[in-house]
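Naming: A, B, ... by sequence-line order, numbering from 1 per chain.
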Amino acid sequence: VLHTTRALHTAQQRLAPLPPLPEKGGEVRYGLIPEEFFQFLYPKTGVTGPYMLGTGLLLYFLSKEIYVINHETVAAACILSVIIYGIKKYGSDVAAFADKLNEEKVAKALSVKNEAIKDLETAIEQEKKEQWRVEGCKYLFDSKRNNVAMLLETNYRERLLTVYNEVKKRLDYQVAMQNLKRQKEQDHMIQWVERNVAQSITPQQQKESIAKCILDLKALSKTAQAAV
Amino acid sequence: MNLSFFDQFTSPYLLGIPLILLSVLFPTLLFPTPNNRWVTNRLSTLQLWLLNLITKQLMIPLSKKGHKWALILTSLMILLLTINLLGLLPYTFTPTTQLSMNMALAFPLWLATLLTGLRNQPTTSLGHLLPEGTPTPLIPALIMIETASLLIRPLALGVRLTANLTAGHLLIQLIST
């Protein structure tokens with residue numbers, strides 16, 4: 001049952017949107033009698049009208065013994081005073097408790113909404129971060145590419161060096177062979193020439209050359225004596 | 001009128017019109033039906049809170065199937081609570097002091113539990129007639145005793161409530177003089 005309002009059956013009843021609950025309940029005087037009663041009697045009897053009515057009714061009931069004062073009257077008075085005292089003392093606390101129940105209900109729903117919003121916001125931030133990371137990936141890929149290129153270059157150069165060294169070794173070998181061959185030929189020729197010259201020196205020539213050397217030495221020794 | 005001590009227990013009549021129905025239905029006026037709003041006024045909130053509390057306390061020990069009894073038990077509890085508490089005020093009539101009303105409540109409910117038990121789990125409900133761990137010679141006597149107690153139960157329930165309330169109200173009257 002939805003409590004909609006329409007001004008005393010004059011307008012159409014609208015079920016949605018539901019009209020909000022009024023902020024305060026109906027005005028009540030002395031906790032029992034609604035204010036509308038006082039307003040109803042005000043034009044005819046003024047301010048004191050309802051009070052006179054109440055007093056008159058009470059005295060009428062008492063005097064005509066329509067209401068008899070018996071032991072239950074005292075009980076009624078005591079119970080009434082206790083009830084009023086209890087309401088005055090704990091009324092606001094009970095009202096605050098009821099309000100707190102409602103507040104908790106609303107707060108729980110609101111917290112669900114707020115947490116959902118927060119979760120979505122964090123998701124958005126993380127998504128933005130991921131996008132930023134993707135942008136940065138370009139640099140990462142470039143650097144990786146450079147790295148790989150460098151490695152390839154280094155490897156190529158190393159292999160080039162190896163090739164060069166190998167080729168040089170082969171060529172050095174060839175050169176060394178040639179050098180060795182020439183050396184051997186030279187040595188062999190020198191030996192042959194020396195052998196032949198040594199063979200060709202006759203003893204006569206030997207004696208003549210030795211004598212000549214001795215004459216030269218004597219001549220030199222004469223000029224060189226002063227230098228000592 | 002000179003009120004004797006027992007006048008509060010007479011069924012109320014106004015000009016020959018029995019008011020008993022009114023006095024039974026009056027407590028329902030004090031509990032407004034909760035409407036479909038989510039956030040209600042203070043009275044509805046408090047009432048719903050109280051109902052939730054009572055139903056939770058009643059239904060937590062029960063299994064899921066036992067929750068079928070939640071509605072009738074909770075509403076019965078609230079009704080009896082309100083009727084009995086309102087009877088403490090002066091010039092009020094407590095319907096539960098009448099044996100007729102209490103028997104009308106006790107008999108159907110007791111019969112309902114008995115028949116439900118017999119229909120759904122006949123062996124277990126008949127097995128309740130014999131408490132566990134009785135010595136063998138006592139079994140026939142005990143079965144008869146248990147059957148007698150089972151059959152007396154609605155009378156016991158009804159009379160118990162009536163006697164308690166009547167005695168209570170009477171005692172209050174006696175002490176207050």
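Between B:Trp38 and A:Asn102, every side-chain heavy-atom pair lies at or beyond the 4.5 Å cut-off.
Here the closest non-hydrogen pair linking A:Val68 and B:Tyr91 is O-OH, 4.1 Å. Closest of all the heavy-atom pairs between A:Ala75 and B:Pro90 is C-CG, 4.3 Å.
For OH of A:Tyr67, the number of neighbouring non-hydrogen atoms (other residues, nucleotides, ligands) closer than 6.0 Å is greater than 12. Summarising the local packing, CD of A:Glu166 is surrounded by more than 12 heavy atoms from other residues, nucleotides or ligands at distances under 6.0 Å. Other residues, nucleotides and ligands contribute only 12 or fewer heavy atoms inside 6.0 Å of the CG atom of B:Leu71. Within a 6.0 Å sphere centred on OH of A:Tyr51, heavy atoms belonging to other residues, nucleotides or ligands number more than 12. Atom CG of B:Leu62 sits in a crowded spot, with more than 12 heavy atoms from other residues, nucleotides or ligands closer than 6.0 Å.
When heavy atoms are compared at a cutoff of 4.5 Å, A:Ile83 approaches chain B solely by way of its side chain, counted from C-beta outward. Heavy atoms closer than 4.5 Å to chain A are found nowhere in B:Ile172, neither backbone nor side chain.
The line from CH2 of B:Trp49 to NZ of A:Lys105 is 14.5 Å long, rounded to the nearest 0.5 Å. Remark: B:Thr45 OG1 to A:Phe97 CZ distance equals 10.0 Å, nearest 0.5 Å.
Interface remark: of the candidates B:Asn41, B:Leu89, B:Thr40, B:Thr40 forms the most heavy-atom pairs closer than 4.5 Å to chain A.
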